[in-house]
2 protein chains.
Amino acid sequence: MNKAEEILAKYKLKKTNFRLELIKLFQSSKSSFTADEINDKIKSTNDKVTIYRALSAFEKKCLIHRVPDKSNLIRYALCQKECSKIHHKHNHAHFICNVCAQTFCLDNIKLPQINDTSGFKINKTKLTLEGACPSCY
Amino acid sequence: MNKAEEILAKYKLKKTNFRLELIKLFQSSKSSFTADEINDKIKSTNDKVTIYRALSAFEKKCLIHRVPDKSNLIRYALCQKECSKIHHKHNHAHFICNVCAQTFCLDNIKLPQINDTSGFKINKTKLTLEGACPSCY
DNA sequence: AACACAAACGCAACATGGTTGCGTAAAAAA
DNA sequence: TTTTTTACGCAACCATGTTGCGTTTGTGTT
C-alpha cells in the first residue's frame with residue numbers, strides 16, 4: 001500500500017488535491033464507490049465530470065476496477081497488486097449487500113471452472129454473491 | 001409453450017396486439033431483449049412507456065426475468081416453467097456474448113455452492129460467463 | 001347488446017447517470 | 001522561466017428509464 005503521491009507519480013498522473021484524496025478514499029475502504037458516493041465524501045471538487053474522468057484515468061492505469069452494483073451504477077474498487085500498470089488481472093468474486101447496497105471484493109473465494117459444451121466460447125467467469133455483509137448481518 | 005393468448009388469459013393480462021406480439025417475440029428467441037430491441041422488432045406500438053410497462057407487468061407475473069447485460073441495460077428473457085405465477089425461481093447461469101452483446105440463459109450449468117467464512121451471509125449466487133456465443137464463435 | 005370497471009395506451013414531462021466540447025488553470029518537463 | 005501536457009470546471013448534451021394523467025379499449029356483468 002503505497003502513499004497516494006507515489007502512486008500518482010508511478011502511474012504518470014498529475015498530483016492534484018482531488019486525485020490524492022480519491023486514492024486515499026479508495027485505500028481507506030474495503031468496499032467500493034460510485035461517482036455519487038465519491039462526490040459526497042470528497043470536497044476538493046464539485047464537478048462530476050472531474051470525478052468521472054479521474055475514475056476513467058485510474059481504471060485505464062489499472063489502479064481501480066469496475067465491480068457489479070445493485071442498481072447497475074458504475075462502481076469501482078481498488079485493484080490488487082496482481083494488476084500491472086497496463087493490464088487488469090482479476091479472478092475474485094464480488095459480494096453485493098442488499099441492505100447497504102455496497103459491493104465488496106471477496107478474495108478468498110475461487111471462481112468455478114466452467115466447461116460449457118453447448119457451443120459457447122467462455123473467456124471470462126464472473127461470480128457475484130448477494131446477501132448481507134458483515135456490518136449489516 | 002402455450003399460445004400467447006392463453007398465457008395472457010392465464011396471467012389475467014388484457015389481450016392487446018402489442019402484448020401478444022411481445023410474448024411471441026420472447027418465445028421465438030433463445031436469447032433476450034432490451035426495451036430498445038423490442039421497439040425495433042415490434043410495430044404495434046411506438047411508445048417506450050408502453051414497452052417498459054408491459055415488461056414490468058410480465059416480470060411481476062413471472063413470465064420474464066431480468067438477465068445481465070453487457071452495457072448495464074435492463075434486459076429480459078423468458079422464464080422457465082419452474083416459475084410460478086407469483087414467484088420467480090431461477091438457478092441458472094447467464095452468458096454474455098461480447099461480439100453481438102446478446103445475453104443467453106445457460107440451463108445446463110449448475111451454480112457453484114459457495115460457503116463464505118468471512119462473515120458474509122449469502123442469499124443468492126449469480127454466475128455470468130462472457131465470451132462468444134455459438135453464432136459469433 | 002349495453003354497461004361498468006379495470007387495465008392498457010399514448011403523450012408530455014421529468015429524473016438520473018453518464019458523456020463531450022472547449023476554454024482555462026496548473027503540474028511537470030525542458 | 002518557458003513550454004508542454006494533463007487536469008479542471010462549466011455548459012450543454014445524450015441515453016435510459018420513470019411518473020402523471022387523460023383517453024381508449026378489453027373484459028366480465030347485468
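Within every chain, numbering begins at 1; the chains are lettered A, B, ... in the order of the sequence lines, protein sequences first and strands thereafter.
B:L73 and B:I64 are members of different hydrophobic clusters when ILVMFWY side chains are connected at heavy-atom separations under 4.5 Å. Both A:L111 and A:F120 are assigned to one and the same hydrophobic cluster, defined by single-linkage of ILVMFWY side chains at heavy-atom distances under 4.5 Å. Cluster annotation: A:L13 is connected to A:F26 through the hydrophobic network of ILVMFWY side chains, with a link wherever side-chain heavy atoms come within less than 4.5 Å.
For the atom pair OG (B:S32) and CD1 (B:I96), the distance works out to 9.0 Å, reported to the nearest 0.5 Å.
Remark on the helix from C:dA1-D:dT30 to C:dA30-D:dT1: inter-end axis angle 30°, axes from five-pair C1' superpositions, rounded to 10°.
A donor-acceptor contact closer than 3.5 angstrom links the side chains of B:K70 and B:N98. Between the side chains of A:N123 and B:E130, no donor-acceptor pair of N or O atoms lies under 3.5 Å. At a cut-off of 3.5 Å, with distance as the only test, a side-chain donor of A:S118 or A:D116 sits close to an acceptor on the other residue.
The pair A:E21-A:K43 meets the salt-bridge criterion, since a charged nitrogen lies less than 4.0 angstrom from a carboxylate oxygen. Ion pair A:E37/A:R75 flagged as a salt bridge, since at least one NZ, NE, NH1 or NH2 atom sits closer than 4.0 Å to an Asp/Glu carboxylate oxygen.
Mapping heavy-atom proximity under 4.0 Å, the span of DNA chain C touched by chain B runs 5' to 3' from C:dA6 to C:dA12.
In the region residues 59-76 of chain A, proximity to DNA chain C at under 4.0 angstrom, judged on heavy atoms, holds for A:L73, A:I74.
For the pair A:A54 and A:R19, the tightest heavy-atom approach, listed with the atom from each and the gap, is CA-NH2, 3.7 Å.
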Protein and nucleotides 6-8 of chain D: nitrogen or oxygen contacts under 3.5 angstrom:
residue: D:dT6; atom: O2; partner: A:K14; partner atom: NZ; Å: 2.4
residue: D:dA7; atom: OP1; partner: A:K14; partner atom: N; Å: 3.4
residue: D:dA7; atom: OP1; partner: A:R19; partner atom: NH1; Å: 2.6
residue: D:dA7; atom: O5'; partner: A:R19; partner atom: NH1; Å: 3.4
residue: D:dC8; atom: OP1; partner: A:T16; partner atom: OG1; Å: 3.0
residue: D:dC8; atom: OP2; partner: A:R19; partner atom: NE; Å: 3.3
residue: D:dC8; atom: OP2; partner: A:R19; partner atom: NH2; Å: 3.3

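Evaluation of the salt bridge (Lys or Arg N to Asp or Glu O under 4.0 Å) test over residues 87-98 of chain A, restricted to residues two or more places apart or in two chains, returns none.
Remark: A:Y76 pairs with no residue by the ring-ring contact (aromatic ring centres under 6.0 Å, His included) rule, at least two apart or across chains.
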